[in-house]
Trainee: 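I am attaching a structure below and will ask some questions about it afterwards.
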There are 2 protein chains.
Amino acid sequence: MPKDTAILDAALDLFETLSYGSTPVPLVAERAGVGAGTIYRYFPGKEGVVNALYQRWKQALAAAVVDGLDRSQPAALIFEGIWRRLCGFATANPAAFAFLETHHHGPYLDAGSRGIATDLDRSMAGLLAEWQRAGSVRAGDPQLLVAQVYGGLVGVTRAYRDRGTELPPDLADQTIEGAWNLLASPSNRRRS
Amino acid sequence: MPKDTAILDAALDLFETLSYGSTPVPLVAERAGVGAGTIYRYFPGKEGVVNALYQRWKQALAAAVVDGLDRSQPAALIFEGIWRRLCGFATANPAAFAFLETHHHGPYLDAGSRGIATDLDRSMAGLLAEWQRAGSVRAGDPQLLVAQVYGGLVGVTRAYRDRGTELPPDLADQTIEGAWNLLASPSNRRRS
DNA sequence: GCATACGGAATGAATGTTCATTCCGCAACG
DNA sequence: CGTTGCGGAATGAACATTCATTCCGTATGC
């Protein structure tokens, strides 16, 4: 494994269990199987590591969600697709998903990291706004609706984590009905 | 203001903006208007401060939500009451609400702090389970349903915070329809 | 094909800084 | 005066970062 990847993987693990502030850089190095100084060959410092980590995964998440969306389908179907990808991503990369969440606010994140985050939010809000115009999603500030559904998924993954259980493969099935009904206008709600 | 309260208030502010790990104790002291040593007269140490802070506010939240619930009302009405109190609490104490969220996972929280948190979760899940038996809430693990609705509220408050805006007084009105529809069984959904 | 020399990547002990905590002297009250 | 509560400089540990050194793969000369 390339050293920079080894470093990022080790950092992900440790930042998640110890929190960023309480993780010593030398410990990251040890876990990554490199010397402490090596980290500074690949990153400008500890903050550089968090930001690289954040951007790497946020971009991966954005790609996983957006890539190959067929925008011509009905809203409920597109939403289902997005939701499944989101859940798939969280299940496949639970530590990374939790990391993105926990560090959303971090004062050490730079403009680049924040930018990626808001781009994704905005493009989701744009989609919702379309659907509102088409009458399939209920009224309300689209950004807040996005925040509310997405927050729900975050809450569920956190609950599993607190419980010490892995995310189940049918996470999407368990949560999609609620998620869609939170968004849908009355006539578009799911019956099942 | 009593010194211990001043210390907790200062810590709340700083932990929220700088994160726990990066907040120096002497800075908390300065902000609280006390000497650095004084903190150690009131708390066993920095961890003692976070835990006192967490417990203080989690208890306040629990009290705000549960106190004086009339369990004989229909589910939708009880839920509305709870949701309004929750939103009221978040609006009245935005920093504390955010703090409780951000530090839910903190490795520095002790058993006492975690205990309060899970008690509240469990009592909410119990309520939901009752409603499921009565047919007003859809099927599914009640703990996960709680996590999903509550996560939604957290997401919304976070969105406002990211935006730099205060939480609006009508937060509950903006979010309750979605929240209830996420939970409700088909026949109990809101039309409005 | 072998020996030698070179460059840059990697290392980890050393450095200076930052921080949680302590402790001693002062002040306020009785 | 004694006692109690407080302040903030002093302390020592832990940390992020640096840098003199080692190490290794490749090139060069024989």
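A note on names: the letters A, B, ... follow the listed sequences, proteins ahead of strands, and every chain is numbered from 1.
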Trainee: Find the distance B:Leu27:CG to D:dG7:C1' and express it as a whole number of Å.
Mentor: 16 Å
Trainee: Report which part of the nucleic acid A:Tyr42 touches: base, sugar-phosphate, or nothing (heavy-atom distance under 4.0 Å, all strands).
Mentor: sugar-phosphate
Trainee: Tell me the interatomic distance from B:Phe43, atom CZ, to D:dG5, atom C1', rounded to whole angstroms.
Mentor: 16 Å
Trainee: Which pairs with one or both residues in residues 17-30 of chain B pass salt bridge (charged side-chain N to carboxylate O under 4.0 Å, His left out), sequence neighbours excluded?
Mentor: none
Trainee: Please collect all salt bridge (charged side-chain N to carboxylate O under 4.0 Å, His left out) contacts where either partner lies in residues 48-58 of chain A, sequence neighbours excluded, each pair once.
Mentor: A:Asp9-A:Arg56
Trainee: With salt bridge (charged side-chain N to carboxylate O under 4.0 Å, His left out) as the rule and sequence neighbours excluded, what pairs involving residues 151-166 of chain B come up?
Mentor: A:Glu101-B:Arg158, A:Asp141-B:Arg163, B:Glu16-B:Arg161
Trainee: Once you build an axis from the first five pairs and another from the last five of the helix from C:dG1-D:dC30 to C:dG30-D:dC1, how far apart in angle are they, to 10 degrees?
Mentor: 10°
Trainee: Tell me every residue that passes salt bridge (charged side-chain N to carboxylate O under 4.0 Å, His left out) with B:Asp173, counting only those two or more places apart in sequence or in another chain.
Mentor: B:Arg84
Trainee: Applying salt bridge (charged side-chain N to carboxylate O under 4.0 Å, His left out), can you list everything that pairs with A:Arg138, at least two apart in sequence or on another chain?
Mentor: none
Trainee: Between B:Asp4 (CG) and D:dC6 (P), how many Å, whole number?
Mentor: 10 Å
Trainee: Can you tell me how far C1' of C:dG25 sits from CZ of B:Arg41, to the nearest Å?
Mentor: 14 Å
Trainee: Nearest whole Å is fine: how far is C:dA13 P from A:Ile39 CD1?
Mentor: 15 Å
Trainee: One character per nucleotide, please: for nucleotides 9-25 of chain D, 5' to 3', B when the base has a protein heavy atom closer than 4.0 Å, S when only the sugar-phosphate does, - otherwise.
Mentor: ------SSBB-------
Trainee: List for me each residue that meets salt bridge (charged side-chain N to carboxylate O under 4.0 Å, His left out) alongside A:Arg122, sequence neighbours excluded, and say none if there are none.
Mentor: none
Trainee: Starting at NZ of B:Lys3 and ending at P of C:dA28, how long is that distance when rounded to a whole Å?
Mentor: 12 Å
Trainee: Could you work out, with side-chain hydrogen bond (donor to acceptor under 3.5 Å, both in side chains) as the rule, every residue matching B:Asp121, not counting sequence neighbours?
Mentor: none
Trainee: What I'd like to find out is whether the side chain of A:Trp180 reaches to under 4.5 Å of the side chain of A:Trp83, using heavy atoms alone.
Mentor: no
